[in-house]
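Comments concern the structure below.
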Amino acid sequence: FTYEAASLHAQNQPGDIVWKKSFVEDPSSPKRNFIGYHSTASLDNNGNLLVLPHSGNPTCITRDGNVKWVHTLEAKSWQYGSPAYSSDFDAFYFGVESPNKFIALNASDGTKLWEVETKRVVRTTPAISDKYIVYGDYNTKYFCHDIKTGEKKWAFDAKVEGRRPDIYSSPVIGLDNTVYGAPHNHNLYALDIETGKLKWKFEANYKNKEESVESSPALNKEGNIVIGLDKVYLINRIDGSIIWSFDSGNSRPKFGTPAIGEKKIYIGSTMFDPEKGYKVFCLDMLNGKKIWEFYTGLGQWPGCGIAIGQENEIYFQAATSLFCVDGNSGKLIWNIDENFSGRSSPILTEDGYIYIGTETYGSNKIGIKDGFIACVKANSGLAETAWPLFRQNIHGTGEMDTSLKVVDHPESQVVVEGSALQLQVEALGLGELKYQWKFNGENLNGETFDKLSLFGVTADMAGEYTISISDDNSTVES
């Protein structure tokens, strides 16, 4: 390893590189050595991150950039996919190539918990529930295993004659424990996680049947699926019907993995201008209409995932830079041109730090700079939206968060007597949300919506206004 570091302290400003770690292999190796391309770090409950150098050993790094442990593989394997972390079992899960295996490691010390041999390489990031782990392989098959023991539960063959037989797009788990996956054959599948049985299939209309699918699904707060295929689609989770679609106008379209913010979707594309580079789109969640587009410059297309901050700023890697862009206007806030090049998606933590990998083109023998992972100070912490970054959360589980939470609390106000008072709350939860406003702990009759409007306020109306919010599983107060 080579290591450059600065301390994780308040003096770091947004856009500063806090630390950077390179992964350097034997200079005589003809292989490309990089972290990135299809690999994104995953964080455990203590903020440690597992990284998978493309042609090296899985390495756990502490949040300040020090190596905690290295798991030495039995053979010189390649890693294409990204790891995922289970809080329930304190374990990382990922696939390797040559030999083809899927591995579970103890997150505390890197010891192996279990492994299974796979006939083909696994290039997807697994999706994790409390019971199961699901991944796709290079033979267009999805597999489900018991997350604790590795016992195989089912396999689903998604091969289509005349179509590419592999999977890059990573599966996700939505409502009703439904697995959604999109292989290179241009179909989106909905599978029952208990049995592997097909619920429905959606087929995109690609003109070029050899075009790859690199966009992983994202799920909005209703559990519907956003994905980039020949177009960007919002697909109904119940029956696979189209709610809306967005056509970029590209004759050979390809999209990155979307992120879902407050009423907006952000997604990279191969839509290209020879002078301005590739485009990142911001779309209206309601109807799929374009709100703005941002040109990334020449170089690597923005095929990575996008992370959304609490101040509605977005982060992504494209060309040779890490970008921070205003999510409302599409205006550049800052960018770091430090050989950020690859498909590693930014992982944004709640306390406002980004972990991002980059790759090397070529071999060390010809002096190409080595791939590295960096910690960068962000403008704000991770947004509390339905799908704010690649794989939904910093653990990379790819599972929809169905816990009830308030994402925008009512703000305390001082108003002049005789004027109006308006309070509003925004929450995410499972099923239909129910609201009840209270004044000094007592229910306000008829005030059962997310907004409270009082007109002609008087002195006796001063006090504490709170709201109780319930979904199918629980209740929270704000």
Side-chain angles (χ1 to χ4, degrees), residues 1-24 34-36 39-53 56-71 79 82-94 105-111 125 128 304-311 313 315-317 322 324 334 336 338 340 342 344-358 370-384 388-397:
F1 297 105
T2 60
Y3 177 56
E4 303 171 28
S7 57
L8 286 169
H9 291 306
Q11 67 261 30
N12 295 121
Q13 300 299 311
D16 285 351
I17 296 178
V18 181
W19 55 257
K20 183 168 66 174
K21 185 177 290 293
S22 296
F23 291 80
V24 183
F34 57 84
I35 178 168
S39 185
T40 298
S42 174
L43 274 65
D44 68 11
N45 283 337
N46 297 313
N48 304 310
L49 56 152
L50 181 67
V51 296
L52 303 179
N57 291 312
T59 303
C60 184
I61 301 175
T62 63
R63 68 188 311 269
D64 57 358
N66 295 313
V67 174
K68 182 180 181 182
W69 52 256
V70 177
H71 177 83
Q79 295 89 41
S82 301
Y85 170 78
S86 169
S87 298
D88 295 330
F89 298 98
D90 191 32
F92 290 111
Y93 305 86
F94 56 91
L105 298 182
N106 186 310
S108 297
D109 57 16
T111 55
T125 304
I128 291 177
C304 62
I306 294 172
I308 306 173
Q310 295 170 359
E311 298 175 357
E313 80 279 20
Y315 304 90
F316 58 90
Q317 183 173 206
L322 174 64
C324 175
W334 53 258
I336 309 172
E338 285 273 344
F340 285 94
S344 175
S345 300
I347 299 299
L348 176 59
T349 64
E350 292 181 357
D351 58 349
Y353 289 92
I354 300 164
Y355 298 106
I356 183 76
T358 187
D370 297 304
F372 61 85
I373 187 164
C375 174
V376 178
K377 186 71 174 70
N379 288 43
S380 66
L382 183 65
E384 291 185 320
L389 78 170
F390 178 67
R391 312 301 296 150
Q392 205 281 325
N393 52 65
I394 61 172
H395 303 318
T397 64

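FYI, side chains are in, hydrogens and waters are out, and symmetry mates aren't considered; it's all heavy atoms of this structure.
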Write down the atom of Gly305, the atom of Phe390, and the distance for their closest heavy-atom approach.
-> CA-CB, 4.3 Å

At what distance, to the nearest 0.5 angstrom, does CZ of Phe316 lie from SG of Cys324?
-> 9.0 Å

Write down the atom of Asn48, the atom of Cys60, and the distance for their closest heavy-atom approach.
-> CB-SG, 3.8 Å

For the side chain to side chain contact (heavy atoms under 4.5 Å, CB included) test, which of Ile336, Val18, Leu348, Leu382 pairs with Ile354?
-> Leu348

Test side chain to side chain contact (heavy atoms under 4.5 Å, CB included) applied to Leu43 and Asn393, Thr349, Leu50, the passing residue | Thr349

So, Ser42 side chain and His395 main chain: donor-acceptor pair closer than 3.5 Å or not?
-> yes

Evaluate the side chain to side chain contact (heavy atoms under 4.5 Å, CB included) criterion for residues Arg63 and Asn46: first the C-alpha distance (whole Å), next the side-chain angles of each, then the deciding distance (0.1 Å), finally the verdict.
-> CA-CA 9 Å; Arg63 68 188 311 269; Asn46 297 313; over 6 Å; no

Could you state the interatomic distance from CD (Glu313) to CD1 (Ile308), rounded to the nearest 0.5 Å?
-> 9.5 Å

Residues Lys21, Val67; criterion side chain to side chain contact (heavy atoms under 4.5 Å, CB included); working and verdict = CA-CA 10 Å; Lys21 185 177 290 293; Val67 174; 4.2 Å; yes

Nearest non-hydrogen partners of Gly396 and Thr125, listed with the distance | O-CG2, 4.0 Å

Is there a side-chain contact between Leu389 and Ile347 (heavy atoms, below 4.5 Å)?
-> yes

Side-chain donor or acceptor of Ser380 paired with backbone N/O of Gly309 under 3.5 Å | no

Mind running side chain to side chain contact (heavy atoms under 4.5 Å, CB included) on Phe94 and Leu105 for me, showing each step along the way?
-> CA-CA 9 Å; Phe94 56 91; Leu105 298 182; 3.6 Å; yes

If every non-hydrogen atom of Ile356 is compared with every non-hydrogen atom of Ser344, which pair is closest and at what distance?
-> CD1-O, 3.0 Å

In this structure, NZ of Lys68 is separated from OG1 of Thr59 (nearest 0.5 Å) by 13.5 Å

Does the side chain of Trp334 come within less than 4.5 Å of Asn379's, by heavy atoms?
-> yes

Expected output: side-chain Trp69 to main-chain Ala107 donor-acceptor under 3.5 Å | yes

Short question: side chain of Gln310, backbone of Ala383 - any donor-acceptor pair under 3.5 Å?
-> no

The side chain to side chain contact (heavy atoms under 4.5 Å, CB included) partner of Leu49 among Ile61, Thr40, Asp44 is Ile61

Asp88 meets the salt bridge (Lys or Arg N to Asp or Glu O under 4.0 Å) criterion, sequence neighbours left out, with none

Residue pair Ile128 / Tyr93: nearest heavy atoms and the distance that separates them | CD1-CD1, 3.7 Å

With no hydrogens and no angle check, is any side-chain donor or acceptor of Gln317 less than 3.5 Å from a backbone partner on Gly357?
-> yes

Residues forming a ring pair (Phe, Tyr, Trp, His ring centres under 6.0 Å) with Phe92, sequence neighbours excluded = Tyr85

How long is the gap from CG on Asp16 to CD on Gln11, to the nearest 0.5 Å?
-> 9.0 Å

